Every structure is written in structure tokens, then in C-alpha cells.
**Student:** 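Let me give you the structure first, and then I'll get to my questions.
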Amino acid sequence: MNYTEKLNKLIEQKFNYVPLVNVQTFGCVQNENDSEKIRGILNSAGFGVSDSFENSDIVIFNTCAIRENAELKIFGNIGKLKALKANNPDMIVAVCGCMVMQPHIVAKIKKSYPFVDIVFGVNSIEELPYIVYNWYIGNKRQVSDPVVKTDVVENIPVYRQSRSKATISIMYGCDNFCSYCIVPYVRGRERSRRPEDILKEFTQLVADGYKDITLLGQNVDSYGKNLEPRVDFADLLNMLCKVKGDYVLHFMSSHPKDINKKVIDVIRDNPQISRQIHLPVQSGSNRILSLMNRRYTVEQYKEIISYARQQIPDVGFSSDIIVGFPGETYEEYLETENLVKENGFTQLFTFIYSKRKGTKAAELEDNTPHSEKTERLNRLIKIQQDIFFKYLESFNNKTVRALVEETKPGGYSARLANTLVVHFKTDRTDLLDNYVNVRITGKKGTVLTGEII
Ligand code: SAH
Ligand code: SF4
Ligand code: F3S
């Protein structure tokens, strides 16, 4: 008997109801994808899935380490469970994900968060039935440093909450070691799933009616480097696009040093691939890019964008930017500002540099006051807001196709293939998870408004 079956038997004896698991995700889509696997594994071991921690028998925090404020927020949330755990000592509190791949964080949990029962690593998800089984048979607290694993495990059950939107991890880990970034340390070395496994998952999703499917990896453009025979990302896209169906295929993230003309050409030739590309530039200064170990120049970045715009007239680019990298001068910040103004990103995710223990950039001198960094961030946000509002206005009176994602009072919220959101009113109640055509009539905050046709 495997541990999923063992755990299933055990909880049937232990509980006279279906016990519940609540998984809370912090961090990126990759983490959300892991959470769906965690729910899937425990669901197949007999647990129900709950949206709230209050009535749950297992609460799992799937954590992120990307910036200090992410970690502070997570500790705040874990702290809130203390009283709940005191009232219900049988409730399991578990913490997993990127944050606990760092020994100093595990030490802090050990010392200051005695009510945390279990810590497990990012690539130990499939061991969860074994871990939980052991907790129940009395082998109590399991809080030790998780190991970074390097294998690719297939056939993990996935519990998907949406009936129309899904993500597929095509690769794990990262080898890029951008000097500011913790991901390669907590997620381990880059490894790709075999194309046939991805194709199988993708084909099933399309057959199940999923319409918005996103391929995930820290750097999708380097997909396949460890595979034999060699397959690259463009080949994978081509292979997936042969699957017939009514869907939009997204991917993230691309890396400017690895995205190439072949990938752009595949997007051009396959209308089911989203015309919205997330291509994080991080900075508009070549000196800072080099210190960041990004391995491209602003000129190379602009070149690939210009090629894409030539080939795919309706292509849009979104990006990530870090301001206040150690030693970034005001002039270097202005170069970023100019790039943003010049390039017209459809969406921008802006961050203040956060020092991450163990990374190369953590050793660099950083004399810029935090108030100055905040000012740079706010300026950039303001510039982007104006660009974004003009972009939203460019949709006025256009008719767009959108996938209905959520009910709203008197109507719905739906997402365009370019990831913009539109709200519309209607008396119909049968539209969830379906495509609709909407005529855009205006905007409200950062979303479009429209009427269904
Ligand atoms: N693999 C993706 C990004 C993953 S992290 C890529 O390379 O594009 C998402 C974003 O978080 C990064 O693009 C970067 O802008 C930001 N980020 C990463 N580490 C950071 C740090 N130490 N401080 C501030 N922002 C950071
Ligand atoms: Fe981090 Fe760079 Fe890897 Fe992205 S590519 S996860 S920023 S090291
Ligand atoms: Fe994602 Fe955060 Fe980990 S951004 S990869 S969950 S450090």
C-alpha cells in the first residue's frame, strides 16, 4: 500500500467527517501551480479542499522569498494561526515553498513559531501523504531544513479550482543567477519536463474545455536545455499548437537573453498564442543590467521587441522593473524611466530592490536612502499609469473577445487574450467560463467596461 492509500485509511478511522485542507499561496503563479498539486495530493488521500483556514484540519502556507516584504507578510499570517492552534491542537499547521528553503528562516520558525508542525520543501510535494501520515501516528513536529531537489516528478494529481483557466509547469528551477535573485537558491537547478508529458497534460486540459492555458517556467526560452533529444521552446510551442481547440496559450516568463526570432516567428504563425509577451527588462541602464548579471543590453532588448513588432503588429509587452539596485544613480534610474516612456509597456510590475541573503548583490554597497528609492518607484508608477490609461482608452468602441472569469453584481468580469480585464452587465447567468464578445464603452480604474453583444 502506498502512503496515499495508508493516509486515506487512517483518516477514515480517525475522523467521522471529511477532514479539510486549506492551502494559502503567497508568491508567483509557479507557487499557485504547486498549491494545486498540494490540494490534489491531499484530495486524493481523502481530504476535502477548503477556502478558509478557520474550519480546516490542515492549514498549509505555500510561501515566497522574492522580497523581504513578502516574508514579513507571511510571518504575520502564520502568527495569526497561533490562537486557532491553541484552541484546536489537532489542526496541522504546515509551511512550505520558497521561503523555507532558507536555513535562517527554518531556524526562526523552529525557535519562535512552536505551533508550526511541519516544514516541507518546494520539491517534496509528492512526499506529503507520508509526512502527514507520520504526523498523525504521533511522530509529531517535523521542522528541519528542506533539501533542494533536482528531479522531475510526473503524474502528481492536480486540484484545479477554475474550469477554464489552467497553468502547466514546463520546467522547474533556474540557472540564471541574476545577482539580486533568490530563486536559483531556493528552487534549485533548471530542469525541463519532457515534451510528451507536457503535451499529454495540455491535450487533456483542452479536451476538458480549458480555454486559457499558461505555460510556466522562470525562463521558458531556455526550455529543453537538459533534454535528449534536444527540443527548444519554439519546438514545444509548435507541438502544442497542433492540438485543435478553442483556447489561448500564454507563457511566462521570457528572458530577454534567450527569447529569439524563432520563438517570435512561432507566435506570429499561431494565432492561438497570446499576443501579450511578458519580457522583464529590470533596468534601462546597461551598467546596472551588467551588475544584475542579466546578460543583455538595453539595445539588444529593444532589438527583439522591434523584431516582434515588425512580425506581429498587435503584439504587446509587459515587464518587471527593479528600482534602487545597489549603486543605481539618479541618472541610471532616468535611463529606466526613458525606456519605459519610449517603449510603451502594456503593463509594468515595479519593485524596490530588496536585499536577499546569500545573493551576489547582497555584497554590494548600497548608499541610496530608502526614501529616494520610494520616490523613484512612485515616479515610475505614475508614468506607467498614464501610459496604461491611454492604452485602455485605445480600446474604446472596439469589440473584443473575452473569457468570463467571475460573477460581479449584475454581470461578469472577463479577461481578454491580452490579459486586460473587462466588466459588463447582463441579465444572463450562464456565461461563466465561456467566451463572450464585448463592445468596450469605457474604463473604471484599471479595468475596461463594456456591453455584451
Ligand atoms: N524568472 C522571472 C522572474 C521571477 S521573480 C524572470 O526572470 O523574469 C519576478 C520579479 O521579481 C523579477 O522579474 C524581478 O523584477 C523581481 N525581483 C526578483 N528579485 C528581487 C529582489 N531581490 N528585489 C526586488 N525585486 C526582485
Ligand atoms: Fe531570478 Fe533571474 Fe532566474 Fe528570473 S531569471 S528567477 S530573476 S535568477
Ligand atoms: Fe515564486 Fe516567490 Fe518562489 S516569486 S519562485 S514563490 S520566491
Side-chain angles (χ1 to χ4, degrees), residues 23-35 38 61-71 73-74 95-102 105 121-123 125 146 148 167 169-191 215-223 225 251-259 277-284 288-289 291-296 301 317-326 328 336 345 347-364 366 370 373-374 376-377 380:
V23 186
Q24 309 205 13
T25 316
F26 300 84
C28 63
V29 262
Q30 196 111 54
N31 246 22
E32 190 49 56
N33 183 272
D34 286 345
S35 290
I38 294 171
F61 283 92
N62 190 5
T63 63
C64 171
I66 203 82
R67 284 169 289 273
E68 190 184 11
N69 53 12
E71 295 186 339
K73 185 174 157 200
I74 292 162
V95 185
C96 67
C98 297
M99 188 177 85
V100 295
M101 301 308 288
Q102 308 169 97
I105 296 285
V122 273
N123 307 311
I125 289 172
V148 182
T167 56
S169 284
I170 61 165
M171 58 208 293
Y172 305 100
C174 182
D175 280 353
N176 289 305
F177 290 94
C178 301
S179 64
Y180 50 81
C181 184
I182 195 75
V183 172
Y185 302 90
V186 296
R187 290 246 169 202
R189 295 290 58 73
E190 181 183 298
R191 60 249 179 235
L215 308 179
L216 298 181
Q218 294 300 345
N219 174 2
V220 291
D221 305 295
S222 75
Y223 171 80
K225 274 194 181 144
F251 52 83
M252 69 182 297
S253 292
S254 270
H255 196 302
K257 81 174 163 62
D258 292 309
I259 193 169
I277 302 175
H278 187 58
L279 195 62
V281 66
Q282 312 298 357
S283 168
I288 296 296
L289 284 176
L291 283 174
M292 287 176 163
N293 192 30
R294 289 290 288 181
R295 289 176 275 171
Y296 54 82
Y301 184 81
F317 285 91
S318 57
S319 202
D320 294 347
I321 283 183
I322 297 177
V323 299
F325 185 82
E328 181 192 69
T336 302
F345 293 106
Q347 236 187 329
L348 207 56
F349 302 89
T350 40
F351 311 102
I352 291 180
Y353 166 77
S354 170
K355 185 173 173 172
R356 303 284 69 205
K357 207 179 165 122
T359 61
K360 275 270 178 305
E363 294 159 19
L364 297 173
D366 188 1
H370 200 265
K373 295 187 181 190
T374 310
R376 291 180 196 176
L377 180 79
L380 205 55

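Since the model is a prediction, treat every value here as computed from it, not as a measurement. Just so you know, ligand 1 is whichever comes first in the structure, and atom 1 is the first atom listed for that ligand.
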**Student:** Would you please determine whether Asn219 falls within less than 4.0 Å of ligand 1 on a heavy-atom basis?
**Tutor:** no

**Student:** Find all atoms of ligand 1 within a distance of less than 4.0 Å from any non-hydrogen atom belonging to Arg294, and give their numbers and elements.
**Tutor:** 7 (O)

**Student:** Heavy-atom distances under 4.0 Å are what count here, so tell me which part of Tyr180 touches ligand 1: side chain, backbone, both or neither.
**Tutor:**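 Near ligand 1, Tyr180 shows its backbone as well as its side chain.
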
**Student:** Please could you name the atoms of ligand 2 that Phe177 approaches to less than 4.0 Å, counting only its heavy atoms?
**Tutor:**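 Those of ligand 2 that fall under 4.0 Å from Phe177 are 8 (S).
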
**Student:** Quick test: of every protein heavy atom, which one is nearest to atom 3 (Fe) of ligand 2, and how far off is it to 0.1 Å?
**Tutor:** Cys174 SG, 2.3 Å

**Student:** Are Val183 and ligand 1 in contact, using a heavy-atom cut-off of under 4.0 Å?
**Tutor:**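 Per 4.0 Å heavy-atom rule, Val183 does not contact ligand 1.
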
**Student:** How close does the nearest protein non-hydrogen atom get to atom 4 (Fe) of ligand 2, and which residue and atom is it?
**Tutor:**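 Among all protein heavy atoms, the one nearest atom 4 (Fe) of ligand 2 is Gln218 O, 4.2 Å.
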
**Student:** According to the interplanar angle, ranging from 0 to 90°, do the rings of Phe345 and Tyr301 count as parallel (below 30°), tilted (30 to 60°) or perpendicular (above 60°)?
**Tutor:** tilted

**Student:** Please could you name the atoms of ligand 1 that Tyr353 approaches to less than 4.0 Å, counting only its heavy atoms?
**Tutor:**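 Atoms satisfying the 4.0 Å criterion: 23 (N), 24 (C).
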
**Student:** Tell me whether Lys257 at atom NZ has more than 12 heavy atoms from other residues, nucleotides or ligands lying less than 6.0 Å away.
**Tutor:** yes

**Student:** Tell me which part of Arg67 gets within contact of ligand 1: side chain, backbone, both or neither, using heavy atoms under 4.0 Å.
**Tutor:**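 Near ligand 1, Arg67 shows its side chain, while the N, CA, C and O stay back.
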
**Student:** Provide the number and element of each atom of ligand 2 under 4.0 Å from a heavy atom of His255.
**Tutor:**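 With His255 as reference, the close atoms of ligand 2 come out as 5 (S).
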
**Student:** Under 4.0 Å from a heavy atom of Gln282: give me the atoms of ligand 1 that qualify, with their elements.
**Tutor:**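 Result: 12 (C), 13 (O), 14 (C), 15 (O).
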
**Student:** For atom 1 (Fe) of ligand 3, grab the closest protein heavy atom and report residue, atom and distance to one decimal in Å.
**Tutor:**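 The protein heavy atom lying closest is Cys28 SG, 2.3 Å.
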
**Student:** Which atoms of ligand 1 sit under 4.0 Å from any heavy atom of Ser253?
**Tutor:**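 Those of ligand 1 that fall under 4.0 Å from Ser253 are 2 (C), 8 (O).
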
**Student:** Does the shortest distance from atom 1 (Fe) of ligand 3 to an N/O/S atom of Cys64 fall below 2.8 Å?
**Tutor:**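 So Cys64 does not bind atom 1 (Fe) of ligand 3 by this criterion.
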
**Student:** Does at least one non-hydrogen atom of Ile352 fall below 4.0 angstrom from an atom of ligand 1?
**Tutor:** yes

**Student:** Quick one: nearest non-hydrogen protein atom to atom 7 (S) of ligand 2, plus distance?
**Tutor:**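 That would be Tyr180 OH, 3.4 Å.
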
**Student:** I need the atoms of ligand 2 closer than 4.0 Å to a non-hydrogen atom of Cys181, numbered in the order shown.
**Tutor:**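 Checking each atom against Cys181, I get 1 (Fe), 6 (S), 7 (S), 8 (S).
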
**Student:** Under 4.0 Å from a heavy atom of Pro280: which atoms of ligand 1 are those, numbered in the order shown and with their elements?
**Tutor:** 8 (O)

**Student:** Nearest protein heavy atom to atom 7 (S) of ligand 3, by residue and atom, and its distance?
**Tutor:** Ala65 N, 3.2 Å

**Student:** For atom 10 (C) of ligand 1, state which one of Ile321, Asp320, Leu279, Leu216 supplies the nearest heavy atom.
**Tutor:** Asp320

**Student:** Identify the protein heavy atom lying closest to atom 3 (Fe) of ligand 3, giving its residue, its atom name and the separation to 0.1 Å.
**Tutor:**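 Result: Cys98 SG, 2.2 Å.
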
**Student:** Students should be able to answer this: which protein heavy-atom is nearest to atom 5 (S) of ligand 2, and at what distance?
**Tutor:**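 The answer is Asn176 ND2, 3.4 Å.
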
**Student:** Residue-level breakdown please: for Lys355 versus ligand 1, do any non-hydrogen atoms fall below 4.0 Å on the side chain, on the backbone, on both, or on neither?
**Tutor:** neither

**Student:** Atom 2 (Fe) of ligand 2 and Cys178: any N/O/S contact shorter than 2.8 Å?
**Tutor:** yes

**Student:** At a non-hydrogen distance cut-off of under 4.0 Å, which region of Ile66 contacts ligand 1 (side chain, backbone, both, or neither)?
**Tutor:** both

